[in-house]
A.B. asks: 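Here you go, one structure.
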Amino acid sequence: MLDLGPKQSRYALIIALLLYATAMAGLFAWLTFKSEDTLQRRLEKTPSVTVTLAGKEPLVPESWKQEPAAPVAEKPEEKSVQPSAETPEVMGPPAPVERAIVPPTEAAPVEKLPEQQTEPAPEPTAKTTPAVVEPTPQATSDPATPAAETDAPLLRWQRFARPFDKANTKPRIAIIIADLGLAAGATQASVQDLPGEITMAFSSSATDLESWIAKSRAAGHESLVTIPMEPDNYPQNDPGPNTLLTGLDNKENVTRVRWALARADGYVGIMPYMGQKFTTVEDKLIPVLDIVKAEGLIVVDNTMNRNSLIAPLSRLGDIPFTRSDAVIDLAASRVAIEAQLDALEKTATERGYAVGVALPYPVTFEKLKAWIPTLEAKGFVLAPVTAVITEDAPQPTTPVAATPSAAAPDIAPPVENTVPQPDPNRVANDIVQ
């Protein structure tokens, strides 16, 4: 080992430190370059994933897409689908095929014009549609019946009604699911999972109202539009925007009704949302019912208020109507819902029909799915709401009331006398408390 002096040792140490620093700097530079190259290669090998939360139709099932696809698949019969909207059997695909109005529409410019004139299309449709609208012989006493046999067009509710065998004499039970269109998941479950005989009631302020009603009709359901009306404790209990109020003039209320009805098409009638106070003020309710009659709709009174004027004013105005007998899930428990369904069966047995309103609760769907399959064995039939309106409701087995109704065909109250509880302001005494 070399024997270095203090000065030489100092120089050697400095040189060693410089060499060490140089080596470390080179190593650091090499590692930096290598790491960037490695990172770049990893980024190139790593696949990029783009996630989006905005889908075009995130909640539309494949079965609903069959409605727009039908006219594309059958181009020759596209024109026959449009006239079928004027018939009450447009709920399912078979109805337009049976009506087959293709010859009168497409064969007009063709050479077989004289042959088409031998089979006029308007007469068969005019003769077949009253068979659906007039289920009982007593319906012939209605002054509207002869008009249906002539060239008078079908009313709006008749065009969009679900086909139903009016000759079925079993007691009918109608179920209406309300407050739809506000929550997409609950609305989709109601439309998809429940039988087509159940009626869907959509809020007039719902987004995509027209789309929801179209999907509901494609699934076989009849649809109603609920219109917010003033309750007893307004404004503490506020139904929302565009509410019909007793403090507004009739012109403003009529404007709000027309706004609600113009938001969609394909529904059969209206139903109040709340409205316990508004439906008791005659001067405010009459303009609303005038619009209902002019639009050819029905009205469903679900206020459960014995002072509601919907029933007597609808009779006077010759407006098809019905009223609910119970809100079956007012208490959203299995035991309470079962009790309400039993009460509906009792009412249907005594009167010939019953109407229940429900909300889109999971427990309600659970009980309905278990209860509906038992109706046939019990002697009941699940019916759309248009099958339980006053002019189409089943009549008692004893036709004693047929004579007075024929004596005064232009007065509505005798029609109601054919069923028990003839009081115009009646409310079923056996509904839930």
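Any value given below was found using the heavy atoms of this structure, including those in side chains, with hydrogens, waters and symmetry copies removed.
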A.B. asks: Is it true that Glu210 and Arg263 make a salt bridge, defined as a side-chain N closer than 4.0 Å to a carboxylate O?
C.D. replies: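 No salt bridge links Glu210 with Arg263.
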
A.B. asks: In the structure I gave you, are the side-chain heavy atoms of Tyr267 and Leu261 within less than 4.5 Å of one another anywhere?
C.D. replies: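 In short, these two side chains touch, coming nearer than 4.5 Å.
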
A.B. asks: Looking at every non-hydrogen atom in both residues, tell me the closest pair between Met229 and Met274 and how far apart they are.
C.D. replies: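 So the minimum-distance heavy-atom pair works out to O-CB, 3.7 Å.
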
A.B. asks: For Ser211, does its backbone N or O pair with a side-chain atom of Asp208 as donor and acceptor, under 3.5 Å?
C.D. replies: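 Here the side-chain-to-backbone pair does not exist.
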
A.B. asks: Is Lys277 salt-bridged to Glu230, going by a charged N under 4.0 Å from an acidic O?
C.D. replies: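 Between Glu230 and Lys277 there is a salt bridge, with a charged N closer than 4.0 Å to a carboxylate O.
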
A.B. asks: Do Glu338 and Arg334 meet the salt-bridge criterion of a basic N to acidic O distance under 4.0 Å?
C.D. replies: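 Glu338 and Arg334: not salt-bridged.
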
A.B. asks: Looking only at non-hydrogen atoms, find the nearest pair between Ser190 and Ile177 and report the distance.
C.D. replies: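 Heavy atoms of Ser190 and Ile177 come nearest at OG-CG2, 3.9 Å.
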
A.B. asks: Hey, are Lys367 and Asp329 close enough for a salt bridge, meaning a charged N less than 4.0 Å from a carboxylate O?
C.D. replies: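 Not counted as a salt bridge, because no side-chain N and carboxylate O are separated by less than 4.0 Å.
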
A.B. asks: With a cut-off of 3.5 Å and sequence neighbours excluded, list every side-chain donor-acceptor pair involving residues 283-291.
C.D. replies:
unit_1, atom_1, unit_2, atom_2, d
Lys284, NZ, Leu248, O, 2.7

A.B. asks: What distance separates Phe278 CZ from Asn305 CG, expressed to the nearest 0.5 Å?
C.D. replies: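 Spacing of CZ (Phe278) from CG (Asn305) equals 14.0 Å.
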
A.B. asks: Quick one: which of Ile213, Val191, Thr199 gives a side-chain contact (heavy atoms from CB on, under 4.5 Å) with His221?
C.D. replies: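 Result: among Ile213, Val191, Thr199, Val191 is the only option passing the side-chain contact (heavy atoms from CB on, under 4.5 Å) with His221.
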
A.B. asks: Measure across Ala387 and Phe164 and return the closest heavy-atom pair with its distance rounded to 0.1 Å.
C.D. replies: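 Reported closest heavy-atom pair: CB-CD2, 3.6 Å.
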
A.B. asks: Can you give me the closest heavy-atom contact between Ser223 and Phe202, atom names plus distance?
C.D. replies: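 The answer is OG-CE1, 3.7 Å.
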
A.B. asks: Glu345 and Trp371: side chain to side chain donor-acceptor pair (under 3.5 Å), yes or no, with the steps?
C.D. replies: CA-CA 11 Å; Glu345 295 179 5; Trp371 172 72; 2.7 Å; yes

A.B. asks: Give the minimum heavy-atom separation between Ser308 and Thr303, together with the two atoms involved.
C.D. replies: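 Between these two residues, the closest heavy atoms are CB-OG1, 3.7 Å.
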
A.B. asks: Checking Leu224 against Val268 for the side-chain contact (heavy atoms from CB on, under 4.5 Å) test, could you report, in this order, the C-alpha distance in whole Å, the side-chain angles of both residues, the deciding distance, and whether it holds?
C.D. replies: CA-CA 6 Å; Leu224 298 170; Val268 297; 3.7 Å; yes

A.B. asks: Check step by step if side-chain contact (heavy atoms from CB on, under 4.5 Å) holds for Ile298 and Thr386.
C.D. replies: CA-CA 8 Å; Ile298 71 171; Thr386 56; 4.3 Å; yes

A.B. asks: Only one of Ile319, Val225, Val292 passes side-chain contact (heavy atoms from CB on, under 4.5 Å) with Leu297; say which it is.
C.D. replies: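 Among the candidates, only Val292 passes.
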
A.B. asks: Looking only at atom types and distance, does a side-chain atom of Gln158 sit under 3.5 Å from a main-chain N or O of Leu155, one as donor and one as acceptor?
C.D. replies: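 Judged by distance alone, yes, a pair lies under 3.5 Å.
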
A.B. asks: Work out which heavy atom in Met271 is nearest to a heavy atom in Ala201; give both atom names and the distance.
C.D. replies: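 Closest heavy-atom pair between Met271 and Ala201: CE-CB, 3.6 Å.
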
A.B. asks: Look only at the side chain of Glu197 and the backbone of Pro384, and say whether a donor-acceptor pair between them is shorter than 3.5 Å.
C.D. replies: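 Judged by distance alone, no pair lies under 3.5 Å.
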
A.B. asks: Please report the C-alpha distance between Leu382 and Ile175 in whole Å, then the side-chain angles of each, then the deciding distance to 0.1 Å, and finally whether the side-chain contact (heavy atoms from CB on, under 4.5 Å) criterion is met.
C.D. replies: CA-CA 8 Å; Leu382 189 65; Ile175 300 295; 4.1 Å; yes

A.B. asks: Taking Trp212's backbone N and O only, do any of them form a donor-acceptor pair with Ser216's side chain (distance below 3.5 Å, no angle check)?
C.D. replies: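 No, because the side chain of Ser216 does not come within donor-acceptor range (under 3.5 Å) of the backbone of Trp212.
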
A.B. asks: Are Thr322 and Tyr353 packed together at the side-chain level, in the sense that at least one heavy-atom pair is separated by less than 4.5 angstrom?
C.D. replies: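 Yes, their side chains come closer than 4.5 Å.
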
A.B. asks: Is any side-chain heavy atom of Arg323 closer than 4.5 Å to one of Val300?
C.D. replies: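 The answer is no, as the side chains (C-beta and beyond) never meet within the 4.5 Å cut-off.
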
A.B. asks: I'd like to know if the side chain of Asn302 and the backbone of Pro272 have a donor-acceptor N/O pair within less than 3.5 Å.
C.D. replies: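 Checking the backbone N and O of Pro272 against the side chain of Asn302, a donor-acceptor pair under 3.5 Å is found.
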
A.B. asks: Given side chains that start at C-beta, do those of Arg172 and Phe380 come closer than 4.5 Å, heavy atoms only?
C.D. replies: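 Side-chain contact under 4.5 Å: no.
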
